[in-house]
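Structure first, then comments.
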Amino acid sequence: MAYDKELAAAIKAASLAARLCRKVQKALLQSDVRSKHGRNKSPVTVADYGSQALVSFVLQQEFPGEFSLVAEEDSNDLRKDGGGEIVERITKLVNESLTSDGSYGVSLSSEDILKAIDSGKSEGGSQGRHWVLDPIDGTKGFVKGDQYAVALALLDRGNVVLGVLACPNLPLTSISFAHPHSPNNEVGCLFFAEVGRGTYMQPLDGSSTVKVQVSAVENPEEASFFESYEAAHSMHDLSSLIAQKLGVKAAPIRMDSQVKYGALSRGDGAIYLRFPRNGYREKIWDHAAGSIVVTEAGGVVTDAAGKQLDFSKGKYLDLDTGIIVSNQKLMPLLFDAVRASLAQKSKPQP
């Protein structure tokens, strides 16, 4: 089954959201940063809410029938006392984005915006179609002026059938492993993939498109690997042990967000390791778009037991220990190194 219309809508929505996010990041004010309620107190900005509202609105305009969106944000904090000013700013940003695009002759009210944000409360699952969105994946990177992504995917009966990663700060050319954040490319890039049709990259303005492939590196000594900055998302000591057993000589490249999936899909690196701390539950919006972008570029994405990621169980991924990503040649060697490292780490210390 082809998903041409869905992919076109996803690219449009993610591109508009990325432009909104870029605008906010350039003029990031301290007042734009709020704290989510909950234990992690992770920062959330007007851009997270604006991105989600914008993507939700565009998709509902393009597909006005049955609509299901699994997304990270909701309007609970915004509806509390003191939230009016930030809601007004989000509303202005979204309307400016829609006006600049020219596709939709509408002006959304603040209540429209809140409803659009709250349309992302679906639980997903194995039946029907569900859009999956992380409006800003890598909010901490966004706040710092570093890497982040707008990550949008479509599930059809529990399977990821398309994915879009809009990466406003990722250079169009291969990143330098000595200086992964410098210089930031002014254009930014967008990756998109549809099941059975490969992975492509284009500038955010869509001016040109190229097909991408994962690295063809076969020798682990020549490989380089990505991992998360976040300590909760990546046990760096375990990743280091795996790299040592594998024979990787390069230092790890630590980047925020699913930008890592995009960079790996075009061969910037050959391996991505993600081993969260105990108690951390992976959400589907953190991996749905990135996983298909890599697999359609010829890569492999599994958990630490070698099983494919299962996006059909709702908002969370039930994983064995972590996520490993590489090309088909390196994957067997990587899996052996992961298994040996996990066994070593599990042994009681003398």
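From a predicted model like this one, the values you see are computed outputs, not experimental measurements.
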Would you indicate whether the side-chain heavy atoms of Phe57 and Lys115 approach each other to under 4.5 Å?
-> no
Kindly determine whether Lys80 and Asp77 satisfy salt bridge (charged side-chain N to carboxylate O under 4.0 Å, His left out), including the steps that lead there.
-> CA-CA 5 Å; Lys80 293 176 180 176; Asp77 285 355; 3.6 Å; yes
Full working for salt bridge (charged side-chain N to carboxylate O under 4.0 Å, His left out) between Glu62 and Lys12 = CA-CA 10 Å; Glu62 299 297 328; Lys12 181 184 185 68; 5.6 Å; no
Can Thr199 and Glu296 be counted as having a side-chain donor-acceptor contact under 3.5 angstrom?
-> no
Take Arg339 and Asp336, measure what salt bridge (charged side-chain N to carboxylate O under 4.0 Å, His left out) needs, and give me the verdict at the end.
-> CA-CA 5 Å; Arg339 190 165 48 187; Asp336 288 344; 3.0 Å; yes
Would you check if Lys144 and Asp256 make a side-chain contact, meaning some heavy-atom pair closer than 4.5 Å?
-> yes
With side chains defined as the heavy atoms from C-beta onward, is the minimum distance between Glu72 and Lys283 less than 4.5 Å?
-> no
Considering only heavy atoms from C-beta outward, does the side chain of Leu334 approach that of Ile242 to under 4.5 Å?
-> yes
Is the Phe63 ring parallel, tilted or perpendicular to the Trp131 ring (thresholds 30°, 60°)?
-> tilted
For residues Arg281 and Asp318, determine if any side-chain heavy atom of one lies less than 4.5 Å from a side-chain heavy atom of the other.
-> yes
Would you please say whether a donor-acceptor pair under 3.5 Å links the side chains of Asp48 and Thr45?
-> yes
What heavy-atom pair brings Ala289 and Leu165 nearest, and what distance separates the two atoms?
-> CB-CD2, 3.9 Å
Contacts of Gln60 that satisfy side-chain contact (heavy atoms from CB on, under 4.5 Å) - sequence neighbours left out | Ser56, Phe67, Ser119
Shortest non-hydrogen separation from Val301 to Leu309 and the atoms involved | CG1-CD1, 3.8 Å
